[in-house]
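Here is the structure we will look at.
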Amino acid sequence: MNIGIVGTGYVGLVTGVCLSAIGHTVYCVDNDREKIKKLRRGIATIYEPGLQELMTKQTKKKKLFFCETIKEAAKCSQVIFIAVGTPSKKNGDADLTYVENVARQIALSMDSYKLIVEKSTVPAETGKRIEHTIKLNLPKKFNGRNRSLSFDVASNPEFLREGSAIADFMNPDRVVIGVESKKAEELLKEIYKPLKTRVIVTNITSAEIIKHASNSFLATKISFANALSQICDRVGADILKVTEGMGYDKRIGPSFLNAGIGFGGSCFPKDVDAFIRLSEKSGYEFNLLKAVRTTNEEQKAAFIRLIEDKLWIIKGKTIGVLGLAFKPNTDDMRNAPSVDIIERLQAEGAKIKAYDPQAMENAKKVFKGMTFCNDMYGAAKGSDCLLVLTEWDEFRKVDFKKLRGVMRQPVVFDGRNLYKNDNLVELGFEYFGIGRGKV
Ligand code: UDX
Ligand code: UDX
């Protein structure tokens, strides 16, 4: 099928490239001219393992195109995915300005039946809003005619994790489609048929809730593990053994129970906020989810307190940082825990030196007054302590003797328990992990 994708960010570009890889002809569009120019030159505008190669291949096969206007993309497509940003507003609401703007532009370019699909994570009932916006902006010739002849709206949330987005697209646990007509259901089933995966069919609002509820539950698991880590540190238990022991219970499962400095990224914080707000507006106080958010903030504060306690004086200290991105295998800095942690230490007078394998470009737009280093030893050189904030594989291959040699004080605060099995104490370091029962 011919498919349009509006928005070529982490969600849109991966979705477009992968839909084309499973056999469709895809027209991607973005209102950021620079992005479209780079994409047309064959350059992927985000880092995602395997994306550049797959994008090059699909472009060569003339199954993937980049357009400047929605009109252009809509003209060639029967199904159009909306994958533009839905950032958080100050009060936690999802900002749907872009979504509304795109819905209107699609309506104005309508020249035949279209299926408009929400790919972006949006609060429940956004589908109804999109439908209303399109109806109000349909070209005259559609007016009066039976609406279903001209368009349908559907919800098809993504469950892509940054750093494994292509694998997550190609081997999904399930595809969720929220539809209000048989035609829309058929079209979406046709699109995903090559994946031969389980398809959950429901109405639009339920599909929207599935997305917010899934992300919120995953965030709840992480906050539960982080709260446990605080207890483990106080009673001398080991969080790694505690979560291992829990995880063998199939009802609990081992994943998303890694204690650390908390969850970041462009999804969990935003989706937890939006779900809390949506619940409030529907008349229900989602206190459990508010506690998940509070626990996440508290985990970063606890990490700072640990550093203050063990380092004694922060002012004037040189602190080396390994990892800035919100998780490994991505260049994405959105809501990365490293931002809060580094800014608080800088406010106390620390000098920060940092290295991240992929996120340096984006980090330079976020941090002020920080020294960016070319590798982990550069970040550790002359430091009074070293913080591990992102658990990149690259940091596992380390010569601890060399690391010890370049540091001014051999103190390591391991915010992601990366060196959980390396026994740094025997190697001459003072080592503090998360929830290892050592404080
Ligand atoms: C984000 C969130 O991460 C995701 O949870 C949500 O489902 C959708 O929004 P992401 O792809 O990460 O997805 O957003 P971003 O990287 O900001 O990409 C959005 C793209 O849409 C940008 O390239 C932006 O230029 C483009 N855009 C935005 C348009 O093309 N038109 C607009 O009107 C607004
Ligand atoms: C998430 C969801 O997993 C994905 O399904 C959804 O589509 C988008 O949001 P993403 O945000 O890309 O994906 O990354 P994820 O791997 O979920 O990690 C999110 C955050 O949680 C990261 O900051 C990560 O460091 C943190 N995390 C994850 C933990 O702290 N502990 C864990 O056990 C797992």
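As the structure lists them, so they are numbered: ligands from 1, and atoms in each ligand from 1.
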Purely on distance, is any nitrogen or oxygen of I222 under 3.5 Å from one on ligand 2?
-> no
In terms of atom number and element, which parts of ligand 1 are under 4.0 angstrom from non-hydrogen atoms of E158?
-> 7 (O)
Just which atoms of ligand 1 are under 4.0 Å from any heavy atom in D32?
-> 25 (O)
Atom 21 (O) of ligand 1: which protein heavy atom is closest, and how many Å away?
-> G7 CA, 3.4 Å
For the pair R293 and D273, find out whether any cationic side-chain nitrogen is under 4.0 Å from an anionic carboxylate oxygen.
-> yes
Are any of the N/O atoms in R161 less than 3.5 Å from those in ligand 2?
-> no
Which class fits the ring pair Y192 and F81: parallel under 30°, tilted 30 to 60°, perpendicular over 60°?
-> perpendicular
Short version for N215: what comes under 4.0 Å of ligand 2, heavy atoms counted, is side chain
Which is closest to atom 20 (C) of ligand 1 in terms of heavy atoms, V29, V122, D30?
-> D30
Between N101 and ligand 1, which part of the residue brings a heavy atom under 4.0 Å of the ligand: side chain, backbone, both or neither?
-> side chain
Show which atoms of ligand 1 fall inside a sub-4.0 Å distance from at least one heavy-atom site of S120.
-> 7 (O), 8 (C)
Proximal candidate to atom 28 (C) of ligand 1 [heavy atom criterion; set V84, T8, L39, I70] = V84
Looking only at protein heavy atoms, what sits closest to atom 12 (O) of ligand 1 is R334 NH2, 2.7 Å
Below 3.5 angstrom, do we get any N/O pair linking L218 and ligand 2?
-> no
Atom 4 (C) of ligand 1: nearest protein contact (heavy atom, Å) | V11 CG2, 3.8 Å
The closest protein heavy-atom partner of atom 29 (C) of ligand 1 is N31 OD1, 3.3 Å
Any N or O of K119 that comes nearer than 3.5 Å to an N or O of ligand 1?
-> no
Which residue and heavy atom of the protein sit nearest atom 18 (O) of ligand 1, plus the separation = G9 CA, 3.2 Å
For the pair Y419 and F400, name the ring-plane relationship: parallel under 30°, tilted 30 to 60°, perpendicular over 60°.
-> perpendicular
R416: heavy atom below 4.0 Å from ligand 2, yes or no?
-> yes
Heavy-atom contacts with K211 under 4.0 Å: which atoms of ligand 2 show up? List them by number with element.
-> 6 (C), 7 (O)
Which atoms from ligand 1 have a heavy atom of K35 less than 4.0 Å away?
-> 22 (C), 23 (O)
of all protein heavy atoms, closest to atom 5 (O) of ligand 1 is K270 NZ, 3.1 Å
Would you say F159 and I210 make side-chain contact, with heavy atoms under 4.5 Å?
-> yes
Of the protein's non-hydrogen atoms, which lies at the shortest distance from atom 7 (O) of ligand 1, and what is that distance?
-> T121 N, 2.6 Å
Value rounded to 0.5 Å, distance of CD1 in I342 from CG in L387 | 7.5 Å
Closest protein heavy atom (residue, atom, distance) for atom 9 (O) of ligand 1 = G85 CA, 3.2 Å
So the atoms of ligand 1 within less than 4.0 Å of a heavy atom of Y10 turn out to be 10 (P), 11 (O), 12 (O), 16 (O)
Based purely on interatomic distance, does Y98 place a nitrogen or oxygen under 3.5 Å from a nitrogen or oxygen of ligand 1?
-> no
Check for a donor-acceptor pair, side chain of E48 on one end and backbone N or O of N329 on the other, with a separation under 3.5 Å.
-> no
Anything under 30° is parallel, anything over 60° is perpendicular, the rest tilted; go ahead and classify F413 against F303.
-> perpendicular
Taking only non-hydrogen atoms of F263 and a 4.0 Å limit, the atoms of ligand 2 in range are 20 (C), 21 (O), 23 (O), 26 (C)
Donor-acceptor pair, side chain of D422 and main chain of L424, under 3.5 angstrom = no
Applying a strict 4.0 Å limit to heavy atoms, is G264 in contact with ligand 2?
-> yes
With atoms numbered from 1 as shown, which atoms in ligand 2 lie under 4.0 angstrom from a non-hydrogen atom of C267?
-> 8 (C), 9 (O)
